[in-house]
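Notes for the one structure printed next.
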Amino acid sequence: MTWQAMQRTVINGVLLEIRVSGAGEPVVFVHGAMGDECAAVVIEPALTDHYRVIHYHRRGWGDSEPLTAPLSIAQEAADCLAVMHHLGVERAHLVGQSYGGAVVLQVALDAPNAVQSLALLEPGLPSILLNAPAFGAMMTKAATLYQTGDKAGAIEALGQEVAGDDYRTIFDRTLPAGYFERWVADADTIFLPGEPALQAWTFTQAEATRITQPVLNMRGENTRSYFREVYETVQQWLPSAENFVLPNATHCMLQTNPRCAADRLADFFARHPF
């Protein structure tokens, strides 16, 4: 598998890593709590043979600008829009997994004309995740390990919870070499002191009614119960959304089953063209 290097560019006043491949209608991927999260899916021919695939590292991830303070979801959405503007993209299909799902939802609220369609892959809805005991216990365990200096242990705890106990066996096949070390290097972004941006963000059923674009609501077949609740909430709040369960996948569906995810995304975009 050939991995393409990312280029560092000043966007919205900060250095961001960005990669663009393919041609056609633009598709922007926004990753969650792992810089390499989208690495496998963005090189799948189902996407790159038909679409202009845009992938960037959010601030604090990879070789993008480091974070010194938490960044709000609104600021993250502004960065996403700035990436599009930098590339001359006025409107795009947006894909967000986990934390990235929150970002693309905010983009749709802030700049609806910039969004052709939304693919929500178990978006980080704080009303559910922050009230889920299992999710809270995992974050407490991971944060405690991080505070003792065990960054690798903190990332391992996070990975096992959201991706499954055997996730490294799968990621070894789907992600570029060194992904775990890069994930550990980005631990400071995940456990940045101060009020977490997701905790400060709100997305309600009333706000969901403002989402008028076509929506693909996708979850992993083997995801945790609280992420299933996220999926069911999106299904309830956005009744016109297309709902899909990705086989052989956990919450980290773009890492665990990138080919099937790419096929489903490409099919969705094809049915909702510009």
Task: Donor on one side chain, acceptor on other, Q236 and E232, under 3.5 Å - done: no

- [ ] Apply salt bridge (Lys or Arg N to Asp or Glu O under 4.0 Å) to the pair R271 and D267, showing each step before the final yes or no.
- [x] CA-CA 6 Å; R271 288 184 288 103; D267 173 74; 3.0 Å; yes

TODO: Please state whether the rings of W237 and F203 are parallel, tilted or perpendicular, taking 30° and 60° as the class boundaries.
DONE: tilted

Open item on the list: With clusters defined by side-chain heavy atoms of hydrophobic residues (ILVMFWY) lying less than 4.5 Å apart, directly or transitively, does V184 cluster with L145?
Closed with: no

- [ ] Among H31, R19, E17, find the one that has a side-chain hydrogen bond (donor to acceptor under 3.5 Å, both in side chains) with H55.
- [x] R19

Task: In one Ile/Leu/Val/Met/Phe/Trp/Tyr side-chain cluster, 4.5 Å: V42, M6 - done: no

- [ ] With rounding to the nearest 0.5 Å, note down the distance linking CD in Q213 to CG in L238.
- [x] 10.0 Å

- [ ] Indicate whether the side chain of Y167 and that of E156 have a donor and an acceptor atom separated by less than 3.5 Å.
- [x] yes

Task: Verdict with supporting geometry, R259 and E44, salt bridge (Lys or Arg N to Asp or Glu O under 4.0 Å) - done: CA-CA 6 Å; R259 178 161 297 177; E44 282 290 335; 3.5 Å; yes

Open item on the list: Are F171 and C252 packed together at the side-chain level, in the sense that at least one heavy-atom pair is separated by less than 4.5 angstrom?
Closed with: yes

Open item on the list: Grouping I, L, V, M, F, W and Y whenever their side-chain heavy atoms are under 4.5 Å apart, do V215 and V245 come out in a common cluster?
Closed with: no

Task: Rounded distance [0.5 Å steps], CD1 in I18 versus NE2 in H57 - done: 11.5 Å

- [ ] Report whether Y231 and F268 are members of the same hydrophobic cluster (ILVMFWY, side-chain heavy atoms less than 4.5 Å apart, transitive linking).
- [x] no

TODO: Ignoring hydrogens and angles, state whether a donor on the side chain of N257 or N248 is under 3.5 Å from an acceptor on the partner side chain.
DONE: no

Task: Side chain E65, main chain L15, donor-acceptor under 3.5 Å - done: yes

- [ ] Check the angle between the aromatic planes of F274 and H93 and answer parallel, tilted or perpendicular using the 30° and 60° thresholds.
- [x] tilted

Task: Atom pair CZ/NE2 of R228 and H251 - distance to nearest 0.5 Å - done: 13.5 Å

Task: Hphob cluster co-occupancy, I128 + L130, side-chain heavy atoms under 4.5 angstrom - done: no

- [ ] Hey, could you give me the CD1/NE2 distance between I11 and H85, rounded to the nearest 0.5 Å?
- [x] 10.5 Å

Open item on the list: Show, in sequence, the C-alpha distance, side-chain angles and deciding distance for R264 and E242, and conclude whether the salt bridge (Lys or Arg N to Asp or Glu O under 4.0 Å) test is met.
Closed with: CA-CA 11 Å; R264 188 66 184 83; E242 299 179 25; 3.6 Å; yes

Open item on the list: Just verifying a value: how many Å separate E122 CD and N217 CG, rounded to the nearest 0.5 Å?
Closed with: 9.0 Å

